[in-house]
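Let me begin by presenting the structure, written as structure tokens, before commenting on it.
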Amino acid sequence: MGFNIAIDGPAGAGKSTIAKRLAKELNFIYVDTGALYRALAYAFWNQGIAPDDEAAIAKACEDVSVALVYENGVQQVLLNGEDISAFLRQEAVGNMASAISVYPAVREKLLSIQQDIAKQEDVVMDGRDIGTCVLPNAQCKIYLTASARTRAERRYKELLERGEEGDIDVIENDIKERDHRDMTRAIAPLKQADDAVLVDSTEMTIDEVVAAIKNEVSRAMNEA
Ligand code: DC
């Protein structure tokens with residue numbers, strides 16, 4: 001097993017920004033597990049499957065192939081062999097990913113992909129259930145969160161920077177809805193693992209969060 005750092009938390013808490021920075025500084029591989037759920041959501045969306053049609057989704061899971069590859073340390077998601085990473089960041093794909101992530105067929109399909117990488121490589125892996133289900137033996141576990149309003153403000157700024165428009169109250173409501181769905185689903189719900197360290201980034205800069213997590217990583221590396 002490589003050295004595994006698990007970062008879980010709700011949408012918009014800054015997991016990917018922080019995990020990417022951390023992976024670069026430590027020379028670890030960054031694994032964005034949300035991209036796997038998004039890839040399946042994208043596939044089902046294109047096939048016209050409704051997010052509440054569990055039977056069709058379970059069937060479609062059997063016929064689709066998803067894989068992660070790394071080029072110069074950057075993750076690419078292959079759907080049936082084709083790199084679809086560029087299509088995964090839209091809000092609609094994220095919401096569909098959250099909706100389909102409740103199904104056992106979806107979670108089972110993606111579990112071994114995540115576990116296999118962590119067995120072979122030193123990883124910073126972010127998601128919802130990494131510390132609790134995917135990598136229960138990770139040497140370092142972080143639960144990264146922030147208030148819903150702060151997360152909405154961050155998303156809103158990202159949209160503006162991309163030249164897109166948004167309504168901050170709508171974004172905040174979407175975030176709260178997604179939190180609720182991710183935290184209350186029956187299988188592998190989002191929650192802080194018993195042995196995870198809580199980092200609340202509401203009042204913290206990115207540099208401060210990275211520094212706080214690096215402290216935890218150093219502590220875990222000394223213990224390992
Ligand atoms: O992190 P993200 O926004 O890209 O994730 C999209 C959705 O995928 C998220 O709302 C729930 C699901 N997901 C999950 O169930 N388990 C993970 N480890 C990662 C994501």
Side-chain angles (χ1 to χ4, degrees), residues 4-20 22-23 29-45 51-52 54 57 61 64 66 68 74-77 79 84-118 123-136 138 141-146 148 150-152 154-156 158-159 166 171-193 196 201:
N4 296 167
I5 302 170
I7 303 185
D8 290 302
K15 296 186 300 295
S16 65
T17 307
I18 304 295
K20 252 185 227 159
L22 209 57
I29 286 181
Y30 165 51
V31 185
D32 166 12
T33 64
L36 292 168
Y37 291 87
R38 285 171 185 260
L40 286 184
Y42 177 79
F44 303 152
W45 179 287
D52 60 358
E54 182 175 0
I57 286 174
C61 275
V64 76
V66 186
L68 292 181
V74 178
Q75 173 176 300
Q76 295 179 353
V77 190
L79 181 69
I84 50 139
S85 316
F87 307 114
L88 302 180
R89 291 316 307 169
Q90 303 152 50
E91 291 298 311
V93 177
N95 286 330
M96 175 97 171
S98 173
I100 63 150
S101 69
V102 304
Y103 301 129
V106 167
R107 304 206 73 83
E108 274 158 28
K109 172 110 195 155
L110 301 179
L111 185 61
S112 61
I113 299 175
Q114 302 165 75
Q115 290 176 331
D116 287 350
I117 296 175
V123 296
V124 182
M125 187 176 286
D126 79 8
R128 302 293 188 287
D129 62 337
I130 309 306
T132 50
C133 296
V134 178
L135 306 177
K141 298 183 187 176
I142 305 291
Y143 189 84
L144 181 62
T145 189
T150 298
R151 289 183 281 135
R154 291 175 186 164
R155 274 277 146 93
Y156 179 67
E158 273 171 26
L159 284 181
I171 297 174
E172 185 178 356
N173 272 340
D174 273 359
I175 279 183
K176 284 182 174 161
E177 245 176 58
R178 183 116 78 95
D179 284 358
H180 180 74
R181 204 164 39 216
D182 291 348
M183 288 172 175
T184 57
R185 67 180 175 223
I187 314 166
L190 167 64
K191 67 172 179 171
Q192 185 179 344
S201 73

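Note that ligands are numbered from 1 as they come in the structure, with each ligand's atoms numbered from 1 the same way.
Close approach of ligand 1 to S101 is summarised as follows: ligand atoms under 4.0 Å from at least one heavy atom of the residue are 11 (C), 12 (C), 15 (O). Near R185, meaning under 4.0 Å from one of its heavy atoms, ligand 1 places the atoms 14 (C), 15 (O), 16 (N).
Checking D129, V102, D8 against atom 18 (N) of ligand 1, the nearest heavy atom belongs to D129. Considering each of K15, R107, R38, R89, the one bringing a non-hydrogen atom nearest atom 4 (O) of ligand 1 is R38.
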Validation: residues 11-19 side-chain donor-acceptor distances under 3.5 Å, sequence neighbours left out:
from : atom 1 : to  : atom 2 : distance (Å)
K15  : NZ     : G9  : O      : 3.0
K15  : NZ     : P10 : O      : 2.9

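Residue contacts with ligand 1 for D182 involve side-chain atoms from C-beta outward but no N, CA, C or O (heavy atoms, distance under 4.0 Å). Under 4.0 Å from ligand 1, not a single heavy atom of M96 appears. The backbone and the side chain of S98 each have at least one atom closer than 4.0 Å to an atom of ligand 1 (non-hydrogen atoms only).
For residues 32-41, every residue pair satisfying the side chain to side chain donor-acceptor pair (under 3.5 Å) rule, not counting sequence neighbours, is listed here: Y37-R107.
For K109 against V64, the heavy-atom pair with the smallest separation is NZ-O, 2.5 Å.
One N or O on the side chain of D8 and one on the backbone of D129 form a donor-acceptor pair closer than 3.5 Å. The main-chain N or O of I7 is never found under 3.5 Å from a side-chain atom of D126 such that the two would form a donor-acceptor pair. Under a 3.5 Å cut-off, the side chain of Q115 and the backbone N or O of L135 do not form any donor-acceptor pair.
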Walk me through whether I171 and E91 qualify under side-chain contact (heavy atoms from CB on, under 4.5 Å).
CA-CA 10 Å; I171 297 174; E91 291 298 311; 5.8 Å; no
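In terms of protein heavy-atom proximity, atom 19 (C) of ligand 1 is closest to T33 OG1, 3.4 Å. Ranking the protein heavy atoms by distance from atom 13 (N) of ligand 1 puts Y37 CD1, 3.6 Å first. For atom 6 (C) of ligand 1, the nearest non-hydrogen atom of the protein is R178 NH1, 3.6 Å.
R154 has no carboxylate O lying under 4.0 Å from a charged side-chain N of E158, or vice versa, which leaves the two without a salt bridge.
Around the OH atom of Y30, the shell of radius 6.0 Å holds more than 12 heavy atoms that belong to other residues, nucleotides or ligands.
Among the atoms of D126, none of the N or O lies under 3.5 angstrom from an N or O of ligand 1. In terms of polar-atom proximity, R128 is counted as a contact of ligand 1, with an N or O under 3.5 Å from an N or O of the ligand. For the pair Q114 and ligand 1, the shortest N or O to N or O distance does not fall below 3.5 Å.
Within the structure, ligand 1 lacks R181 among the residues with a heavy atom less than 4.0 angstrom away.
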